[in-house]
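Worksheet: one structure, shown below.
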Amino acid sequence: MAVIHPRIKRSLVVSAPVVRILAVLLGVLATLMIAPLGILTLEGDPDRLAFALSIAIVAGTACVMWCVTHGVEILLRPRQMFILTTLSWVLVSAGASLPLILGAPQLSFTDAVFESISAITTTGSTVLVGIDDLSDGLKLWRGLMQWLGGIGIIVMAIAILPFLKVGGMRLFQTESSDWSDKVLPRAGGIAKASGAIYLGGTLMAMVAYYLAGMTPLDAVVHAMSSMSTGGFANSDASFGVYHDRPLILWLASFFMLCGALPFVLFIRALRETPYVLWRDQQVRGLIGVLVVVILGLTAYRVAAGVPIFAALTQVAFNVISVVTTTGYASADYTQWGPLVVAAFFYLTFVGGCSGSTSGGMKIFRFQIGAIMLFTQLRHLVHAQGVFAQRYNGQPLSDEVVRGVIAFSFFFFLTIAGLALGLAMLGLDLVTALSGAATAVANVGPGLGPIIGPAGNFSSLPDAAKWLLSLGMLMGRLEILTVLVLLTPTFWRK
């Protein structure tokens with residue numbers, strides 16, 4: 001009998017539960033591919049062959065991984081959770097890219113991976129041109145990818161990141177963030193409840209969009225990309241095709257905002273009282289930022305001669321789209337004047353609430369930063385004073401403060417590094433800086449004529465697309481989750 005080296009044996013024991021969970025995720029991915037395959041089969045579209053082959057590859061890989069890990073007990077430690085969190089997004093994105101390579105777009109490997117990573121991370125950047133002419137199955141698949149990414153983000157934000165103490169997320173720890181045997185049933189209950197609310201919100205959006213005048217397919221895809229704050233649309237013009245239909249724009253604004261609110265609070269609102277949403281400091285902060293910015297930019301547009309309701313509708317839609325990191329665009333807001341361009345660049349970094357589908361810095365980190373700043377100013381006046389720091393009724397521990405500071409530092413350092421790399425590839429400053437920011441913040445469109453709301457990412461060099469893909473993954477996984485894998489300490493016993 002062959003003797004296995006102890007280090008190799010230990011590595012196999014550590015990786016087996018991770019592989020088994022990855023097999024389940026690939027199985028879910030293959031199952032979701034059945035829906036577009038069914039539509040394409042009914043329509044007799046040649047793309048059905050691409051989906052059939054993709055299902056065979058993904059499902060086959062999942063079966064092999066499942067069989068190899070037969071009998072393995074799924075009991076994860078923090079180190080395994082870090083590996084699983086990163087690998088799950090990478091592997092699912094790779095599998096999701098297959099229909100884009102084998103189907104009608106016949107994208108290159110680079111473009112297909114970029115598009116799928118953008119979808120799964122709910123970023124919304126695209127390299128596709130002629131989206132209006134894609135098959136119904138591929139349009140549906142783009143929406144399904146974002147919808148799948150959205151539910152994955154919710155689970156990660158509620159249960160995984162607080163457990164791993166990433167980026168100050170420990171502040172939002174609940175029983176769902178504890179992976180001990182004692183509370184796993186509770187964690188499962190919260191995950192199911194969050195999933196039910198996510199599904200319910202998506203169905204409500206589908207019905208609302210359809211009644212407002214969208215076609216059935218458009219209603220389905222836009223509902224999925226609204227609740228996931230993903231931003232993929234069924235037209236090259238994004239929501240510009242509905243620029244003259246304010247009802248649809250206001251409905252989209254509402255559902256994007258819903259996707260950017262903490263899903264745990266929705267559970268509490270249903271079980272207790274709707275007022276729990278407003279009592280949350282994050283929610284009040286997000287609504288406050290949106291109201292101030294929307295009113296300010298609306299007044300700016302009205303002063304430029306735009307009718308007040310039209311200005312309010314367009315400003316509200318696009319501001320909510322950027323702040324929630326959805327990335328829809330109903331107009332080219334870079335043509336609204338330099339003040340608006342600067343405002344939208346700053347809004348790129350904001351993001352929604354923790355525990356939602358949105359990306360960005362998240363509102364709570366700005367709020368904690370403000371608390372720390374005012375505390376420091378008070379210390380300058382009263383050097384011997386002791387000042388309690390609280391957020392949402394909870395004391396701010398040193399661990400949470402360290403997490404927020406570390407995340408914020410690496411968030412902007414990552415953007416700066418990506419922007420420098422993009423500039424080295426020949427991109428102009430506006431494209432490089434806004435491209436890096438929109439990738440790490442998972443927003444979607446950048447600024448400028450190339451990747452702005454009226455453009456896309458198709459003309460960028462392949463190396464730039466790989467850099468941006470890395471940025472999207474790092475931003476989605478809260479950066480520190482990826483960086484910790486690069487440290488030698490992580491891999492030591």
Side-chain angles (χ1 to χ4, degrees), residues 25-63 92-107 111-112 115-116 118-120 122 124 126-152 195 198-228 230-239 241-242 248 251-252 255 328:
L25 295 177
L26 287 180
V28 171
L29 183 69
T31 302
L32 287 179
M33 289 184 185
I34 295 175
L37 173 61
I39 290 177
L40 293 170
T41 301
L42 290 174
E43 296 178 349
D45 194 291
D47 278 345
R48 68 183 185 278
L49 300 177
F51 275 92
L53 183 56
S54 298
I55 290 173
I57 294 173
V58 174
T61 303
C63 287
V92 170
S93 297
S97 69
L98 291 176
L100 302 174
I101 298 174
L102 303 173
Q106 294 184 329
L107 298 179
D111 283 351
E115 190 80 7
S116 63
S118 177
I120 297 296
T122 71
T126 184
V127 295
L128 287 174
V129 179
I131 298 173
D132 306 73
D133 300 323
L134 290 178
S135 65
D136 290 346
L138 280 171
K139 289 179 180 177
L140 178 61
W141 181 235
R142 295 174 81 238
L144 281 169
M145 285 192 290
Q146 293 206 315
W147 195 79
L148 175 63
I151 189 62
Y198 185 61
L199 175 60
T202 305
L203 293 175
M204 286 175 57
M206 289 179 187
V207 174
Y209 284 149
Y210 177 72
L211 294 177
M214 284 190 181
T215 66
L217 178 64
D218 286 348
V220 169
V221 172
H222 291 131
M224 290 190 289
S225 59
S226 296
M227 282 300 296
S228 66
F232 274 169
N234 282 349
S235 172
D236 289 330
S238 188
F239 262 66
V241 296
Y242 305 112
I248 289 179
L251 285 172
F255 288 113
Y328 289 142

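If you read the sequence from its start, that first residue is 1, and numbering goes on from there. Bear in mind the structure is a predicted one, so any value in this text is a computation, not a measurement.
- Judged purely by atom type and a 3.5 angstrom limit, S225 uses its side chain to pair as donor or acceptor with the backbone of F232.
- Evaluation of the side-chain hydrogen bond (donor to acceptor under 3.5 Å, both in side chains) rule for E115 yields T126, R142 as partners, not counting sequence neighbours.
- With T122 contributing its side chain and G150 its backbone, the two residues share no donor-acceptor pair below 3.5 Å.
- Under 3.5 Å, the side chains of T215 and Y210 contain no donor-acceptor pair of N or O atoms.
- Closest heavy-atom contact between L144 and P36: CD1-CD, 3.8 Å.
- Between S54 and A50 the shortest heavy-atom distance is OG-O, 2.7 Å.
- The aromatic ring centroids of H222 and F239 lie less than 6.0 Å from each other.
- W147 and T202 share a side-chain donor-acceptor pair at under 3.5 Å.
- No donor-acceptor pair closer than 3.5 Å links the side chain of D45 to the backbone N or O of S135.
- In this structure, I248 and M214 approach most closely via the heavy-atom pair CG2-CE, 3.7 Å.
- Scanning all heavy atoms of the two residues, the minimum distance from A212 to L251 falls at CB-CD1, 3.7 Å.
- Between L140 and M224 the shortest side-chain heavy-atom distance falls below 4.5 Å.
- A search for salt bridge (Lys or Arg N to Asp or Glu O under 4.0 Å) contacts involving D111 returns K465, not counting sequence neighbours.
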